[in-house]
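We count residues from 1, following the sequence as given.
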Amino acid sequence: MARGRLRIYLGAAPGVGKTYAMLEEGQRLRSLGADVVVGFVEPHGRRPTAAMAEGLETVARRTLVHRGAVFTEMDLDSVLARRPQVALVDELAHSNVPGTRNAKRWQDVEELLGAGIDVVTTLNVQHLESLNDVVRQITGVRQLETLPDEVARRAEQIELVDLPPEVLRRRMVHGDIYPPDRIESALTHYFRVGNLTALREIALLWLADRVEEGLQRYRAQHGISAPWETRERILVGLSGGPEGDTIVRRAARISARTPGTELLGLHVVAEDGLTGADPAALGAQRTLLESLGGSYHQTSGEDVVEALLQFAEAENVTQIVLGASRHGRLVSVLRAGTGERTIKGSGPIDVHIVTHEEAAGPAAPRLPHPSRGTGPRRYWSALAGAVVLLPLLTLLLTALRNPLDLSSDLVIYLLAVVVVALIGGLYPALFAAVAAALLADYYFTVPVHSLAMVRLNEVIALVVFLSTAALVGTAAGEAAQRTHRAVRATSEARALSRLATAMMRGQELTALIEQIRENFGLTAVSLLERDPEASPEPRWYVVASAGERPPERPYEADVESPVDENLTLVARGSGLSTEDRRVLAACAAELGLAHSRGRITGGAVDASALAAERTRASLLLAAGRDLRVPLHTAEEALTRLGDLRGDAPSQENRHLLGTARAAVRRATQLVTDLDELSRLHAGALDLYLRPVDLDEALAAALDDLGPGGHTIVVRLPEQLPDVIADAALLTRVLTALGADALRHSPSDRPPVFTAEALQSGRLEIRVTDGTAELGPDTRTARAREVAVGPRTAGGRSDSLALRLSRDLVEAMGGTFETSTAGPDFVATLTLPSSAAGGGGTAPGNQA
């Protein structure tokens with residue numbers, strides 16, 4: 001059966017007209033003869049939306065009861081049984097009421113699509129999982145109903161329903177979106193112009209990425225390699241050289257001039273794997289690139305320019321940024337540089353060549369130096385050998401002048417040059433070749449004892465000899481270097497293999513670091529982690545270390561090899577060569593993986609503990625439900641017992657009955673608290689975070705406490721922002737704290753509710769037992785007690801009411817603290833507020 005097609009109407013905010021557009025599309029398809037049904041549509045009381053649904057067949061909804069309330073959801077089985085061509089399903093990210101087959105509506109839609117039914121649906125951009133944190137930073141509200149981006153990306157068609165912020169706010173004022181009692185709060189909080197503009201831009205950018213994916217698929221299917229400048233993409237070439245930072249910053253400035261430009265960095269690795277850039281320098285350039293909003297990529301290729309251009313064509317790059325050549329003029333004349341070759345092969349792609357301090361200037365004289373393959377000892381030994389061997393060989397050939405001719409002499413000299421080349425490499429071989437040619441010319445060509453040559457065959461022989469000697473020396477030097485690199489690669493692979501084996505055996509980080517210290521002969525090694533929240537000065541922590549006096553800060557070490565922006569491997573000891581630093585960087589990467597694996601393992605243990613906690617919570621939830629019935633029966637029995645007594649009960653009997661009723665009510669309340677706590681830990685407690693007026697929440701809490709002859713003092717500022725919370729749960733917390741405070745406060749010292757808007761954009765609510773006012777000294781004492789840990793008598797902070805309050809507040813994104821300020825017990829809860837602000841303290845109100 002062919003899978004159904006999904007079409008999504010995407011909006012930046014509620015009220016832009018997504019549902020109306022979906023119904024309009026349904027009416028259009030119906031007029032074309034398609035079998036269209038309404039699986040679920042929520043008009044939210046908007047008359048134009050309800051009118052657009054008229055005439056469309058609607059599948060009856062399913063009714064469910066949850067927590068004493070009646071809800072309706074899409075009847076998935078009925079829609080599947082009806083098997084229409086097209087189903088209209090509103091609010092794709094909606095969470096279904098417990099009791100339905102699927103937890104999310106998008107899962108219902110997946111079943112419809114799997115059955116071959118086309119689905120037209122709606123979605124707000126703030127419900128996309130990848131954008132959840134961004135939307136929360138903008139609006140201050142965390143969306144609890146989300147769906148994976150991949151679900152939306154699989155849609156065959158996504159259409160943006162867009163309205164300017166001013167038009168959307170005008171619709172809000174006219175009552176076309178929310179009922180009148182919610183208009184003012186929405187306009188001053190979620191529907192502010194800045195919020196709507198940001199959400200609109202996020203929706204456009206997300207949809208642009210979706211269109212870009214389709215364009216890339218089209219270009220791949222049709223074999224189009226030439227770049228299409230639909231979007232500026234700037235590629236910066238990273239060689240790992242000292243000019244890298246300058247090039248990256250220049251490319252970032254070019255990218256910043258055009259909004260929406262994508263910045264990419266590419267490093268090409270040689271296919272032989274034996275040569276490469278300094279890992280530390282390349283890692284620093286990668287960190288800089290990503291900090292400037294770019295993305296890092298790596299590819300391999302025999303030719304750097306060819307690999308660079310292939311990547312640019314594949315990614316539809318429009319501009320390439322490269323650094324000016326660091327080679328001297330002679331090398332540039334002999335071979336075109338990377339920049340020049342890139343310009344010739346780039347076609348329509350613009351190429352920027354950036355000058356820098358490392359660009360080639362006047363060539364400074366440089367003495368020959370030992371190659372990596374030979375080393376200083378063999379280099380100087382070869383030169384000394386040439387100085388001694390060639391004169392001795394000349395004396396021997398002079399003595400044998402008669403039986404040997406010039407060609408024989410040159411062959412013997414060539415053998416000596418080859419021996420020198422095998423020992424010392426290219427430069428000693430060239431020295432030996434020139435010296436041998438001069439000696440052969442001086443002693444064995446006519447005229448003898450003169451550098452002049454008159455015979456053409458002797459000239460040709462010497463030129464061929466010198467060329468052959470140079471070629472042999474070059475080949476010998478290259479072979480020695482490659483042998484050296486192969487040996488280094490083997491040692492690197494062996495070191496990394498030992499480290500990987502130790503990791504697979506589950507050795508601790510300390511043992512792994514000790515192994516690295518021994519391999520490189522270092523004095524001390526530390527793995528440091530930076531606190532990302534610490535600013536402006538970075539704060540480093542030692543994850544693991546080995547050796548004497550291991551460094552605790554990067555600047556205390558002799559060698560540093562970063563793993564990522566927050567993790568680095570540092571060492572103290574003798575200086576390491578470039579090759580050793582490269583191996584150390586690879587070992588640091590392995591340690592980073594081990595550290596991450598340890599965190600994942602710890603997370604798995606935490607997850608197992610959480611699963612066990614949820615299982616216990618589920619059992620407590622079932623036990624609490626079973627206790628409700630006998631407690632309710634006992635309370636009714638006590639009430640009837642008091643009513644059935646014919647004679648007026650004695651004072652003692654009235655007291656006993658009252659005590660029994662209070663105990664039963666207390667037990668019932670404990671079971672209710674236990675039920676709420678268990679449901680929270682089991683993940684079965686639904687949250688609906690929105691702006692809540694604290695005055696209304698406190699009033700509801702005081703009503704729940706009921707009359708009892710007790711007094712509670714409420715002190716609130718005159719201007720107090722709304723708190724972002726679940727209204728029912730916040731009322732539950734305030735009620736529990738108020739009841740707990742009343743139980744522990746003497747009658748002449750009532751508990752106090754106070755609130756304060758903090759500068760951090762949060763709202764602090766304090767509940768204090770036994771005093772009518774907190775002075776400065778008391779607040780200082782409270783702060784001091786919180787800093788050293790709560791001090792409560794008799795485990796007061798571990799009571800069920802306070803435990804429930806703490807868990808509910810933390811579930812709503814807040815913090816909960818208990819402390820002892822002098823003789824008083826203080827409970828402080830902090831929650832996000834809808835806006836930063838505050839006001840003066842109003843006179844206390846007696847409640």
Side-chain angles (χ1 to χ4, degrees), residues 1-11 17-66 70-124 127-129 145-161 210 213-214 217:
M1 181 181 299
R3 180 178 172 85
R5 296 171 296 179
L6 178 63
R7 180 172 183 174
I8 298 177
Y9 284 96
L10 179 70
K18 303 180 302 297
T19 305
Y20 187 90
M22 179 189 69
L23 293 172
E24 189 176 30
E25 175 65 12
Q27 293 286 8
R28 186 186 70 83
L29 294 174
R30 174 173 169 268
S31 65
L32 296 176
D35 183 14
V36 182
V37 302
V38 175
F40 186 93
V41 166
E42 184 57 67
H44 296 288
R46 301 163 190 165
R47 289 189 298 272
T49 303
M52 183 56 68
E54 294 178 358
L56 292 173
E57 179 184 349
T58 303
V59 177
R61 300 185 184 184
R62 180 184 177 187
T63 303
L64 301 99
V65 178
H66 177 62
V70 178
F71 299 90
T72 59
E73 293 286 1
M74 180 178 69
D75 194 336
L76 177 60
D77 293 328
S78 297
V79 178
L80 291 172
R82 172 64 176 74
R83 292 195 59 80
Q85 289 180 302
V86 182
L88 307 181
V89 182
D90 205 5
E91 299 178 356
L92 182 62
H94 171 75
S95 298
N96 292 329
V97 174
T100 56
R101 182 159 67 242
N102 298 315
K104 297 288 187 177
R105 185 165 293 164
W106 65 265
Q107 296 171 324
D108 296 340
V109 169
E110 285 293 317
E111 290 197 31
L112 295 177
L113 295 173
I117 301 173
D118 295 344
V119 177
V120 184
T121 185
T122 63
L123 176 68
N124 276 336
H127 295 297
L128 292 168
E129 182 65 41
E145 292 185 333
T146 60
L147 85 162
D149 288 42
E150 183 60 28
V151 175
R153 292 183 183 276
R154 288 199 300 264
E156 182 171 303
Q157 185 175 353
I158 301 178
E159 183 174 334
L160 182 66
V161 182
R210 174 70 168 75
E213 293 174 4
R217 286 196 300 268

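Here the straight-line distance linking atom CE of Met22 with atom CD of Glu91 works out to 9.0 Å at 0.5 Å rounding. Note that CG of Leu6 is 13.0 Å distant from CD1 of Ile117, once rounded to the nearest 0.5 Å. Phe40 contributes atom CZ, which lies 10.0 Å from atom OG1 of Thr122 (distance to the nearest 0.5 angstrom).
Among residue pairs with one or both ends in residues 43-55, none qualify as salt bridge (Lys or Arg N to Asp or Glu O under 4.0 Å); sequence neighbours excluded.
Looking at residues two or more places apart in sequence or on another chain, you find no side-chain hydrogen bond (donor to acceptor under 3.5 Å, both in side chains) involving Thr58. Applying the salt bridge (Lys or Arg N to Asp or Glu O under 4.0 Å) criterion to Glu159, with sequence neighbours excluded, gives Arg7. Shown here are the side-chain contact (heavy atoms from CB on, under 4.5 Å) partners of Val59, two or more places apart in sequence or in another chain: Val37, Ser78, Val79. Applying the side-chain hydrogen bond (donor to acceptor under 3.5 Å, both in side chains) test to Thr63 and every residue at least two apart in sequence or in another chain returns nothing. Shown here are the side-chain contact (heavy atoms from CB on, under 4.5 Å) partners of Glu110, two or more places apart in sequence or in another chain: Arg3, Trp106, Leu113, Val151, Arg154. Here Ala53 pairs with Leu23 under the side-chain contact (heavy atoms from CB on, under 4.5 Å) rule; sequence neighbours left out. In this view, Arg61 and Glu42 satisfy the salt bridge (Lys or Arg N to Asp or Glu O under 4.0 Å) rule, not counting sequence neighbours. Qualifying side-chain hydrogen bond (donor to acceptor under 3.5 Å, both in side chains) partners for Glu57, counting only residues two or more places apart in sequence or in other chains: Arg82. Applying the salt bridge (Lys or Arg N to Asp or Glu O under 4.0 Å) test to Asp118 and every residue at least two apart in sequence or in another chain returns Arg5.
Considering all non-hydrogen atoms of both residues, Glu129 and Pro148 come closest at CB-CA, 4.3 Å. Shortest non-hydrogen contact noted between Asp75 and Ala60 is CB-O, 3.5 Å. Taking each heavy atom of Arg83 and Leu80 in turn, the nearest pair found is CG-O, 2.8 Å. Across every non-hydrogen atom of Ile8 and Ala152, the tightest pair is CD1-CA, 3.9 Å. Looking at every heavy atom in both residues, Val120 comes nearest to Tyr9 through CG1-CE1, 3.5 Å.
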Working for side chain to side chain contact (heavy atoms under 4.5 Å, CB included), residues Leu128 and Thr146
CA-CA 6 Å; Leu128 292 168; Thr146 60; over 6 Å; no
Please walk me through it: do Lys18 and Leu123 pass side chain to side chain contact (heavy atoms under 4.5 Å, CB included)?
CA-CA 8 Å; Lys18 303 180 302 297; Leu123 176 68; 6.0 Å; no
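In this structure, Pro43 and Thr19 have side chains that are not in contact, with every pair of non-hydrogen atoms separated by 4.5 Å or more. Counting only heavy atoms from C-beta outward, the side chains of Val86 and Leu88 approach each other to under 4.5 Å.
Between the Gln85 side chain and the Asp35 main chain, a donor and an acceptor come within less than 3.5 Å of each other.
Ion pairing between Glu150 and Arg153 fails under the 4.0 Å rule for side-chain N and carboxylate O.
The residue from Asn96, Val41, Val38, Val89 that alone fulfils the side-chain contact (heavy atoms from CB on, under 4.5 Å) condition with Met74 is Val89.
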Please tabulate, for side-chain N and O atoms in residues 98-105, each donor-acceptor pair with protein atoms closer than 3.5 Å (sequence neighbours left out).
from, atom 1, to, atom 2, distance (Å)
Thr100, OG1, Val97, O, 3.1
Thr100, OG1, Asn102, O, 2.9
Arg101, NE, Glu111, OE2, 3.3
Arg101, NH1, Asp77, OD1, 2.9
Arg101, NH1, Asp77, OD2, 3.4
Arg101, NH2, Asp77, OD1, 3.1
Arg101, NH2, Glu111, OE1, 3.0
Asn102, ND2, Asp108, OD1, 2.6
Asn102, ND2, Glu111, OE2, 3.0
Lys104, NZ, Ser95, OG, 2.7
Arg105, NH1, Asp90, O, 2.9
Arg105, NH2, Glu73, OE1, 2.9
Arg105, NH2, His94, NE2, 3.4

